[in-house]
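Here is how names work: the chains are called A, B, and so on, in the same order as the sequence lines, proteins then strands, and each is numbered from 1.
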Number of protein chains: 4
Amino acid sequence: MFKKLERQKVFRDPLYGYIEVNYELISKLIDAREVQRLRRIRQLSGVSMVFQTAEHSRFTHSLGSYQMANLVLEKVSGAKENLSEYEQILLLVSALLHDIGHGPYSHAFEEILDTPHEEMTARIIEASTTDVNRILKEYGVNPSDVASIIRHNSKYKVVEKLVSSQLDVDRMDYLARDAYFTGATYGTIDRNRLLRSMIVLKDDVLVRASGVHSVESYLMSRYHMYFQVYYHPVTRAYELLLEGIYKRIKDLTEANIKVDANVTNFVRVIKDNSLIEEYVSLDDAYVNGFVTQLTSSSDEILSTLAKAFLNRKLFKYLDVNEDIDISQFKKNKYYFNESSVSAVAYLANKGAVDSIKLLTETGEVVKLEDYSPIIKSLAESSYKKVKRIYYFEA
Amino acid sequence: MFKKLERQKVFRDPLYGYIEVNYELISKLIDAREVQRLRRIRQLSGVSMVFQTAEHSRFTHSLGSYQMANLVLEKVSGAKENLSEYEQILLLVSALLHDIGHGPYSHAFEEILDTPHEEMTARIIEASTTDVNRILKEYGVNPSDVASIIRHNSKYKVVEKLVSSQLDVDRMDYLARDAYFTGATYGTIDRNRLLRSMIVLKDDVLVRASGVHSVESYLMSRYHMYFQVYYHPVTRAYELLLEGIYKRIKDLTEANIKVDANVTNFVRVIKDNSLIEEYVSLDDAYVNGFVTQLTSSSDEILSTLAKAFLNRKLFKYLDVNEDIDISQFKKNKYYFNESSVSAVAYLANKGAVDSIKLLTETGEVVKLEDYSPIIKSLAESSYKKVKRIYYFEA
Amino acid sequence: MFKKLERQKVFRDPLYGYIEVNYELISKLIDAREVQRLRRIRQLSGVSMVFQTAEHSRFTHSLGSYQMANLVLEKVSGAKENLSEYEQILLLVSALLHDIGHGPYSHAFEEILDTPHEEMTARIIEASTTDVNRILKEYGVNPSDVASIIRHNSKYKVVEKLVSSQLDVDRMDYLARDAYFTGATYGTIDRNRLLRSMIVLKDDVLVRASGVHSVESYLMSRYHMYFQVYYHPVTRAYELLLEGIYKRIKDLTEANIKVDANVTNFVRVIKDNSLIEEYVSLDDAYVNGFVTQLTSSSDEILSTLAKAFLNRKLFKYLDVNEDIDISQFKKNKYYFNESSVSAVAYLANKGAVDSIKLLTETGEVVKLEDYSPIIKSLAESSYKKVKRIYYFEA
Amino acid sequence: MFKKLERQKVFRDPLYGYIEVNYELISKLIDAREVQRLRRIRQLSGVSMVFQTAEHSRFTHSLGSYQMANLVLEKVSGAKENLSEYEQILLLVSALLHDIGHGPYSHAFEEILDTPHEEMTARIIEASTTDVNRILKEYGVNPSDVASIIRHNSKYKVVEKLVSSQLDVDRMDYLARDAYFTGATYGTIDRNRLLRSMIVLKDDVLVRASGVHSVESYLMSRYHMYFQVYYHPVTRAYELLLEGIYKRIKDLTEANIKVDANVTNFVRVIKDNSLIEEYVSLDDAYVNGFVTQLTSSSDEILSTLAKAFLNRKLFKYLDVNEDIDISQFKKNKYYFNESSVSAVAYLANKGAVDSIKLLTETGEVVKLEDYSPIIKSLAESSYKKVKRIYYFEA
């Protein structure tokens, strides 16, 4: 039996009214240094360059994912029946901790680190020096179990699916949350209906076919959020400034040239990403701090990019076709980027990603794309890939 | 110059905050008997059997469509520039009046009347005895011009498109309104974004390609509202009771058997739908009135259906496949119905319905379905037609 | 043990997402004739003359009050612990049924009937001929217990307080609901916070002093809804037409003059309000029906008022001071009314109404007005009574 | 004539849908360094310790105030008629710039700086080195005129009232915005109604008496936001950590002891607050940066407070009465604070603050508190001052 708080603790939240904490373990984890650090890392990095109000932190999303896990246990039929208490705790804990591995300005950071944030999350959970590791053990949860869920090792398949799949507590919170904080109304999802449609079995998570419309609607919302918010070219044009700064710092330090700013821990981490203590010392404030210092760097590329970052002098961009000679833009590798964006509304059993499965009224289990012709066509169609170059004019 | 009110009149509305009336003509039309009658006809007939709060009237939707027309003039680029003042007035008036031809419990009523409500709207506008006809003439608007817009005669093409097409003030109001009053969140549409994306030209209405996502999202909302709300089988199962009553009254009176309830005007109208005065005397209250009386009718079918209607003893329904012998259900024609439902999210130039057209950044005009692969696949796919029988067990 | 449904039934609702029905008894009661009748009686009678979208029925409010009772049991600390299962059922049932005694256009009807609707509710529950009486007995609930709660007989004090007091499930639903359906934003109440602040004891219902702000805010909302919505003079100016019609019918029938419309049950009821079967046959449709017939009544007063009612030719009104000679308006008693409106935001132990009581952090129980200076001054202050006359110009 | 943009620019915003920019001047000012800096200063400093989602910046509020000014010009009767184009521009500009003088963690900063942020705003506008100064002059706006509005010099009285009074664009945005981002529903204000009730005259701003309820409701919202959000003791308990750090840095530098962190500009500014360039280099990131460095400071007080700040080890607090001997808490001046909080819902002509004035239906101008007994009692009553001590246990 996991110890409950004497009186429930709550956090006010615009999406749920209240986020409710009943277990002492959860309360302690929320106060853990590695979770509190997420207050200082924005959920949507550069998106606020386009949607000015997108300033919310990964902390609020972590609490929100945890609350969604609460709601799954409370509202989804079969959830409490088919998950042991230990598995229920694993669900709550994994939902709360799943993002602690994110670095500052996550996308640019993953680029330079070359390690996905999920792996960093798992390492932080397993590292003996961290608060979360200590607290988990203190309350009888094996950190490796949580890490295994984050790493998708299939030890706790149902919990894994609820924490990370095409319909999970993570996405159900962030789509709604990012829509709320950006003001992008198409992200609205019908949480109540989705929760009523889902079913948790011993070994799988299904959706009742009668609720297919709520899943269709959810996938369309996701699709629109991706194209309208997450992949907006101006967001990328801003983050590329930071990518340039990160790369330049890396190159200079590899060439043993000292960078004239307080970048010690950053440099250590990109050299050796097993340095957990240094890793968790990095946050947006830290990066903003050294970028501010770099505006007066003696290295011209660093000072140029740092000033541009602070004054939002962004990369320009151009859709590419045959007629354009892109070599003219390529003079300086820190000032150039070439990328292509494509997204599908739904992944039908592609690689590691499983299809959403429906339970029909006659008791059959079918893949969503085989039941809904709309989703089938969404899965097959995709916007023509846009090949785009970004370039910076110093 | 059309006369303005000395002080703007407003109606409070949950969707728009305020509905604003500036012209004296509009103020008079709102007070017209034929518009006020819409207060007594529900927008969604039997839908409140499924969504209990769907009790709003066609009056509120008519005001809402009018306010959307206001917003089109205020927000859509090109609208004020490319429409003469007379055309602007036609737009406002047509939006306000487009639904005055609806009968009580519209679907069942159209079935028995065999005339679409748009035609009835046009006739009421043209009838010399009606308030709206008199008021229009008094303020210098030719009723035939309004009727021609309702009848899609292509005299005022742009106004017609704004009042009735796949993206018009009617739909933009009712999708949002019906979502609000049912609580069906998937009906939420991004009105601000749609209005900013639309462009009114001299002879056409286009959508900027940069706003394609808002149109995609709008069409998905429409699709879900159709399947989840408007075509819900329980709604149909309720309305069929009324269809049965209507048919039975018709058959009895054609056989010269007197119906023992106050149905005089109803019977006159279904015999001769040019009787405008009688037509506009019919409303939900009138029908509810005679249905209540019919509960003690000496005709057993009438009394049975009337009691069932008041006590919500609905038709049952069954999806049909080869194995089912439907003849057993067909004993009584008033107690049986066979129908099939199918809907596509978007009509790509089918018959009278035009595609939505986009204006690309390079200035080309393209059909939505040729630009958006998602919409293309939506237009092509459709839910497998559901053939369904409804039957009543007395 | 009260029997539960095999699968929970839900009603969609914009305020709560879903209204959840778990007990078979509740499901049966919702289907009862006397509850279904409330679908045909508007919650806010004539308010839709001012707030055009205020068209929701007493049925939706009854379900909403029931759902608030659900939430009280689920969220308020002490509720489940201090109420026996029978009392919990009494709470749910009383919340659902508390309004079944309302007549059509309630205010005007109470005026002519001279019996408060609560008493009519209690009688319907106790009448052996009604569905609700039969169902309650069938499931082991004593109808007299429910009636005693409605009549405030203090047998089940805590349940009574939760159903009807200055802070109860009735008000918490209708303030929010009426605000939602009128679009009057000042009716918004912080339901989550209120529920978290309340405490149910064995013999009383208190509010934690730490939640005093949510109660203050709730009382201000209530106050504003009263002045802005419920007591709006235009609403009264409309309902007076009906009061005139009701009075005239009464006077005519008392003088043995036959009224030329279908008013049989109406007349029976106002002669003898113990006629439950006749009473529950009355609804808005019934009244609208006879009013429509009365437009061609041979009695000039009836036909005048009936036409005025349908065409919204309302009473005029005038604030009265010494300078005005009101005798000129008094020629016809059906065309004249004199009334004064005053409201206080909060009743501090006036007559039968108890103060809201707070539980301070040190464990004391204090009256709200003794703790909150704001509420104290609200309770003492009141808008200067507005004496107003209403008159009708035929 | 002020130059308009060729195409309107918009910013997405959850409160207004879109924030609309029509003038080139406004567009340039938004891009100014001193306005962009507000992206890096949180609107509510430490409030996110209590309301975790309160992470929005002063930038979003500045845009919002500007948009409210837009709406005032568009919706308030008399606004366009009674303000010259220059005054309209002054209104828009002042609304946009009114907060640029805020320092990081504003409250703690004003404490150490001993200059109100309004004065800093005015100085930044007048300083010849700033972007905003240059842009204003370039577009024909005299910076002194804007500064005079910020300083309340009564040169442009109506504009001043609209920018800063008891009912102004600043408050109308921040109450709604802070409510949205904290999730505190009692901050909801009825913007549409307020704007419709206001009247701009040549020399004053009034509210129609018919709209008194919307002002009452607005003042209650303001009152509740103050007590529930802005003055929450936990917020103060967090900000005191920063106040301690600021004070300690000041004392050390005054004693010529070097602080081992990058605090150069901070120290310069608190010595000489006329150093505008240094002032605008300070933001939350800068402060967070040096606080992080101070966690390893050799000064024990600094390192203790810095660690506490990052790990949210807050001051404790205690309501004070006679029985408590507070001397025991006073050992260390950086670890102790004594303060009292009181707030009234409305200031009736106290000192520099004018009453809100109403225009009655008979054309009289009366003070709000003389018209509304509720407001009168609110103005007179106030929560008993809470004397509270805060102390830190190292």
Side-chain angles (χ1 to χ4, degrees), chain A residues 11-19 30-33 36-40 42-43 47-57 59-64 131 177 179-185 228-229 261-262 265 281-293 295 307 310-313, chain D residues 11-19 30-33 36-40 42-43 47-57 59-64 131 177 179-185 228-229 261-262 265 281-293 295 307 310-313:
Chain A
F11 292 80
R12 197 79 196 222
D13 187 89
L15 278 84
Y16 307 100
Y18 288 102
I19 288 167
I30 290 173
D31 280 339
R33 180 187 54 151
Q36 287 297 324
R37 166 182 172 263
L38 297 180
R39 286 185 185 264
R40 298 187 298 271
R42 281 205 182 155
Q43 171 78 359
V47 167
S48 67
M49 288 299 113
V50 191
F51 292 87
Q52 42 121 2
T53 54
E55 307 178 318
H56 52 303
S57 71
F59 179 71
T60 67
H61 163 58
S62 295
L63 287 190
D131 280 10
R177 185 168 301 276
Y180 187 89
F181 284 97
T182 54
T185 52
Q228 292 292 287
V229 178
N262 179 20
N265 279 355
S281 77
L282 306 180
D283 56 25
D284 289 3
Y286 176 87
V287 170
N288 292 335
F290 75 63
V291 172
T292 306
Q293 294 161 21
T295 54
K307 279 181 212 151
L310 291 185
N311 302 319
R312 294 171 320 121
K313 185 171 177 309
Chain D
F11 292 79
R12 197 80 197 220
D13 187 88
L15 277 85
Y16 307 100
Y18 288 102
I19 288 168
I30 291 172
D31 281 339
R33 181 187 53 150
Q36 288 296 324
R37 165 180 172 266
L38 297 180
R39 287 184 184 268
R40 300 187 296 271
R42 282 206 183 154
Q43 172 78 359
V47 168
S48 67
M49 287 301 111
V50 190
F51 292 86
Q52 42 123 3
T53 54
E55 306 178 318
H56 52 303
S57 70
F59 179 71
T60 66
H61 163 58
S62 296
L63 286 190
D131 280 11
R177 185 168 302 277
Y180 187 90
F181 284 97
T182 55
T185 52
Q228 291 293 287
V229 179
N262 178 21
N265 280 354
S281 78
L282 307 179
D283 57 24
D284 288 3
Y286 175 87
V287 171
N288 292 336
F290 76 63
V291 172
T292 307
Q293 293 162 22
T295 54
K307 277 182 211 150
L310 292 185
N311 301 321
R312 296 171 319 121
K313 185 170 177 311

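In summary, the side chains of N311(D) and Q36(A) do not present any donor paired with an acceptor at a separation below 3.5 Å, with no hydrogens or angles considered.
Counting heavy-atom pairs closer than 4.5 Å to chain A, the top residue among T60(D), L63(D), N288(D) is T60(D). Of the listed residues (H56(D), R40(D), R37(D)), the one with the most heavy-atom contacts under 4.5 Å to chain A is H56(D). Chosen from D31(A), D283(A), T292(A), the residue pairing most often with chain D at heavy-atom distances under 4.5 Å is D31(A).
With a threshold of 4.5 angstrom between heavy atoms, N262(D) approaches chain A through side-chain atoms but not through N, CA, C or O. Contacts between S57(D) and chain A at a heavy-atom distance below 4.5 Å involve backbone atoms as well as side-chain atoms. Y180(A) touches chain D through backbone and side chain together, each having a heavy atom under 4.5 Å away. Only the backbone of T182(D) has a heavy atom closer than 4.5 Å to any heavy atom of chain A.
Put simply, the side chain of Q52(D) gets close to the backbone of R12(A): a donor and an acceptor are under 3.5 Å apart. A side-chain donor-acceptor contact under 3.5 Å links R39(D) to the backbone of S48(A). Distance alone, capped at 3.5 Å, is enough to place a donor-acceptor pair between the D284(A) side chain and the R42(A) backbone. T53(D) places a side-chain N or O within 3.5 Å of a backbone atom of F181(D) that can act as its donor or acceptor partner.
For the residue pair Y286(A) and N265(A), the shortest heavy atom distance occurs at OH-N, 3.4 Å.
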